[in-house]
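Taking it in order: structure first as structure tokens, then the write-up.
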Amino acid sequence: MTEPDELLELYQFEGCPYCGKVRQKMTELGLDFIARQVDPDDRTRVEEVSGQTNVPVLKDPNTDTVMPESDDIVEYLEEHYG
């Protein structure tokens with residue numbers, strides 16, 4: 001497994017099943033990460049990072065990647081850190 005130099009950031013909110021899926025994969029891979037809480041009623045913060053308002057969004061400073069969509073994020077995590 002490849003350990004990232006810098007912490008990954010996950011823009012998400014509790015209770016979102018898609019966010020939970022990504023958090024579970026990151027935990028399975030033993031990845032430390034920063035969970036950035038997004039207010040479900042005010043998604044300005046995630047829009048500033050990703051250009052869209054859906055969560056989850058993964059920000060990986062190690063590869064300069066900002067990625068939405070839980071399935072794509074899980075695949076990315078397995079490919080880069082699995």
Side-chain angles (χ1 to χ4, degrees):
M1 180 176 96
T2 306
E3 278 291 323
D5 292 328
E6 295 183 59
L7 287 178
L8 307 179
E9 296 177 41
L10 179 64
Y11 289 79
Q12 54 107 47
F13 58 84
E14 296 301 319
C16 166
Y18 303 105
C19 299
K21 176 180 179 179
V22 173
R23 283 194 312 269
Q24 181 178 348
K25 177 51 69 177
M26 293 175 93
T27 301
E28 285 173 12
L29 293 172
L31 295 171
D32 291 329
F33 63 95
I34 299 167
R36 302 279 187 204
Q37 298 303 317
V38 174
D39 181 342
D41 299 321
D42 179 11
R43 300 186 185 191
T44 310
R45 188 170 170 193
V46 74
E47 189 172 14
E48 289 170 355
V49 171
S50 67
Q52 49 93 48
T53 57
N54 295 332
V55 290
V57 168
L58 177 73
K59 182 176 179 185
D60 184 349
N62 302 287
T63 60
D64 240 3
T65 299
V66 176
M67 173 181 290
E69 299 298 328
S70 60
D71 288 339
D72 293 342
I73 294 171
V74 166
E75 186 177 310
Y76 171 87
L77 291 170
E78 289 175 345
E79 184 178 313
H80 288 270
Y81 301 109

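- Residue E75 places its CD atom among 12 or fewer non-hydrogen atoms of other residues, nucleotides or ligands, all under 6.0 Å distant.
- Linking ILVMFWY residues whenever their side-chain heavy atoms come closer than 4.5 Å, directly or via other members, leaves F33 and V49 in distinct clusters.
- The shortest heavy-atom contact between Y76 and D60 is OH-OD2, 2.6 Å.
- Considering only heavy atoms from C-beta on, P68 stays 4.5 Å or farther from S50 through its side chain.
- With a 4.5 Å cut-off on side-chain heavy atoms, L77 and V22 count as touching.
- Expressed to the nearest 0.5 Å, how far NZ of K59 lies from CD of E6 amounts to 9.5 Å.
- With rounding to the nearest 0.5 Å, the separation of CG in L58 from CG in L10 is 6.5 Å.
- Between the OG atom in S70 and the NZ atom in K25 there is a gap of 12.5 Å [rounded to 0.5 Å].
- Contact annotation: the side chain of D39 never approaches that of F13 to less than 4.5 Å [non-hydrogen atoms, C-beta and beyond].
- In this structure, the side chain of R36 does not engage the main chain of Y11 through any donor-acceptor pair within 3.5 Å.
- Residue V46 is grouped with residue V66 when hydrophobic side chains (ILVMFWY) are merged at heavy-atom distances under 4.5 angstrom, including chains of intermediate members.
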Hey, mind stepping through E14 and R23 against salt bridge (Lys or Arg N to Asp or Glu O under 4.0 Å) and telling me if it holds? CA-CA 10 Å; E14 296 301 319; R23 283 194 312 269; 3.8 Å; yes
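- Side-chain atoms of Y18 and D71 form no donor-acceptor pair, as typed in the model, at a separation below 3.5 Å.
- When atom types are taken as modelled, the side chain of Q52 and the backbone of N54 share a donor-acceptor pair closer than 3.5 angstrom.
- Atom CG of residue D42 and atom CD of residue E47 lie 9.5 Å apart, to the nearest 0.5 angstrom.
- A side-chain contact (heavy atoms from CB on, under 4.5 Å) with L8 is found for one member of T63, N62, I73, T65 and no other, namely N62.
- Listed here is the closest heavy atom pair of C19 and Q12: SG-CB, 3.4 Å.
- The residues E48 and R45 are annotated as not salt-bridged, no charged nitrogen and carboxylate oxygen being separated by less than 4.0 angstrom.
- Side chains of M26 and K21 form no contact here, defined as non-hydrogen atoms less than 4.5 Å apart.
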